[in-house]
2 protein chains.
Amino acid sequence: MKFDDKVPIYYQIKTHLYHEMLNGQLTAGAQLPPVRQLAVDLTVNVNTVQRALGEMITEGTLTSQRGKGNFVTTDTTRLAQLKDQLVMAQLAQTYDQLHAFNLTDAEILTSLKQYIEKRGIAQ
Amino acid sequence: MKFDDKVPIYYQIKTHLYHEMLNGQLTAGAQLPPVRQLAVDLTVNVNTVQRALGEMITEGTLTSQRGKGNFVTTDTTRLAQLKDQLVMAQLAQTYDQLHAFNLTDAEILTSLKQYIEKRGIAQ
DNA sequence: CCTAGTGTCCCATTTAACTATTACACTATA
DNA sequence: TATAGTGTAATAGTTAAATGGGACACTAGG
């Protein structure tokens with residue numbers, strides 16, 4: 001897997017798993033691939049995978065069963081909450097960034113709108 | 001200055017200076033504070049400041065005059081181009097991220113609209 | 001009971017970012 | 001010409017991320 005060298009790999013693995021948990025590839029209660037397999041898939045060391053999973057277990061988005069595997073939480077409320085939280089963080093980051101470039105609220109909205117439109121044409 | 005420990009400090013300094021260059025605090029041709037002063041202001045080592053400036057000089061957004069100081073480029077076309085580039089990168093990142101969470105184009109737009117509205121109330 | 005498949009932990013090593021410190025090079029000006 | 005203010009470079013030390021390799025613990029199934 002490709003990584004951005006400006007962000008720790010373990011952190012990008014968390015983001016990657018969040019995506020899979022929130023777009024249907026990994027549903028509530030689903031079992032994750034074994035850590036050793038994940039390490040191979042992501043072309044990364046097992047310890048690095050473990051660090052990402054460890055944090056997600058602490059956060060309550062994953063559960064671990066020694067000898068059996070790692071699983072997505074069955075708490076769908078928790079998952080919905082996670083999605084909200086991640087979406088909000090992303091929106092806030094973009095808003096702050098563009099606002100710092102002196103774009104007004106209206107300009108921020110229209111620039112996103114135009115970006116999406118142009119993107120549709122480009123594809 | 002506060003830094004996000006998930007991103008290299010020198011990189012955050014670049015972002016910080018881009019903001020100042022694109023929101024009027026540092027206009028075309030303006031002289032930057034001395035590197036030693038910047039280091040103090042940002043509570044960071046001179047070498048770290050130098051690394052950020054070095055990259056910006058290579059990129060052509062800053063120029064350096066030994067013995068005199070560092071200056072914002074006078075090439076306003078270059079600055080406009082920089083702004084476009086940074087805004088686009090930010091929009092692309094947000095779009096990709098939210099799209100990976102299974103939001104449709106319409107949902108992405110309305111979620112940003114709602115975020116901005118709620119934000120206005122909260123303030 | 002044994003074995004294969006899991007998660008977990010530990011240790012040593014490497015690498016990159018950052019810091020601290022010192023020295024050098026150029027410019028302007030008194 | 002001397003000095004203060006500037007950028008630039010070099011070196012050494014610290015820290016955190018990531019790697020590599022090994023060992024241990026638990027579970028399921030033959």
Side-chain angles (χ1 to χ4, degrees), chain A residues 1-18 20-21 26-75, chain B residues 1-18 20-21 26-75:
Chain A
M1 178 173 160
K2 271 185 12 183
F3 292 103
D4 176 355
D5 67 2
K6 296 289 182 306
V7 181
I9 292 176
Y10 82 91
Y11 201 80
Q12 296 181 63
I13 293 175
K14 285 180 67 175
T15 302
H16 174 74
L17 292 174
Y18 285 148
E20 296 201 330
M21 290 167 62
L26 281 175
T27 54
Q31 178 168 11
L32 273 66
V35 289
R36 291 172 180 81
Q37 184 59 45
L38 275 176
V40 171
D41 294 348
L42 302 171
T43 57
V44 128
N45 190 272
V46 178
N47 294 317
T48 308
V49 172
Q50 194 62 33
R51 172 154 186 191
L53 298 186
E55 291 196 0
M56 296 174 77
I57 290 163
T58 302
E59 293 165 7
T61 52
L62 294 182
T63 60
S64 163
Q65 294 183 251
R66 197 182 186 114
K68 294 172 112 177
N70 292 306
F71 303 83
V72 178
T73 179
T74 55
D75 181 351
Chain B
M1 177 172 161
K2 270 184 16 186
F3 293 103
D4 176 355
D5 66 2
K6 296 289 183 303
V7 181
I9 292 176
Y10 82 91
Y11 201 80
Q12 295 180 64
I13 293 175
K14 285 179 68 175
T15 302
H16 173 73
L17 292 175
Y18 285 148
E20 296 200 331
M21 290 168 61
L26 282 175
T27 55
Q31 178 167 12
L32 273 66
V35 291
R36 291 170 180 83
Q37 185 58 44
L38 275 176
V40 172
D41 294 348
L42 302 171
T43 59
V44 127
N45 189 274
V46 178
N47 296 317
T48 308
V49 172
Q50 194 62 32
R51 173 156 186 189
L53 298 186
E55 291 196 359
M56 295 174 78
I57 290 164
T58 302
E59 292 164 7
T61 52
L62 293 184
T63 60
S64 164
Q65 293 183 252
R66 197 181 187 116
K68 295 172 113 177
N70 293 305
F71 302 82
V72 178
T73 179
T74 54
D75 180 352

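Each chain gets a letter, A, B and so on, in the order the sequences are listed, and its residues count up from 1.
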Are any of the side-chain heavy atoms of M21(A) and T61(A) separated by less than 4.5 Å?
yes

Looking at every strand, decide which applies to D5(B) at a 4.0 Å heavy-atom threshold: base, sugar-phosphate, or nothing.
nothing

Quickly work out the L62(B) CG to dT8(D) P distance and round it to whole Å.
10 Å

So, OP1 or OP2 of dA17(C): does either fall under 4.0 Å of a side-chain N or O from T48(B)?
no

Between atom CZ in F71(B) and atom C1' in dG7(D), what is the gap in whole Å?
11 Å

Across nucleotides 24-30 of chain D, 5' to 3', mark each nucleotide with B, S or - according to how protein heavy atoms within less than 4.0 Å reach it.
-BBSS--

Is there a side-chain contact between N70(B) and the phosphate of dT6(D), meaning an N or O under 4.0 Å from OP1 or OP2?
no

Taking the nucleotide of DNA chain C with the nearest heavy atom to each, does T43(B) or V35(A) sit closer to the 5' end?
V35(A)

May I ask you to test the I13(A)-L38(A) pair for a side-chain heavy-atom distance under 4.5 Å?
no

Nearest-Å distance for atom pair OH/P, residues Y10(A) and dT15(C)
22 Å

Between C1' on dT19(D) and CZ on F3(A), what's the gap in Å once rounded to a whole number?
13 Å

In whole angstroms, how far is the P atom of dT11(D) from the CD atom of Q50(B)?
17 Å

Rounded to the nearest angstrom, tell me the gap between atom CG in N47(B) and atom P in dA12(D).
14 Å

Compare the minimum distances between each of dT19(D), dC18(C), dG7(D) and the side chain of I9(A), then state the nucleotide with the smallest one.
dT19(D)

Measure from CD on Q12(A) to P on dA17(D) and round the result to the nearest Å.
13 Å

Check whether any side-chain heavy atom of K14(B) sits under 4.5 Å from a side-chain heavy atom of E59(B), and report yes or no.
yes

Please figure out whether V46(B) or P8(B) has its closest DNA chain C nucleotide nearer the 5' end.
P8(B)

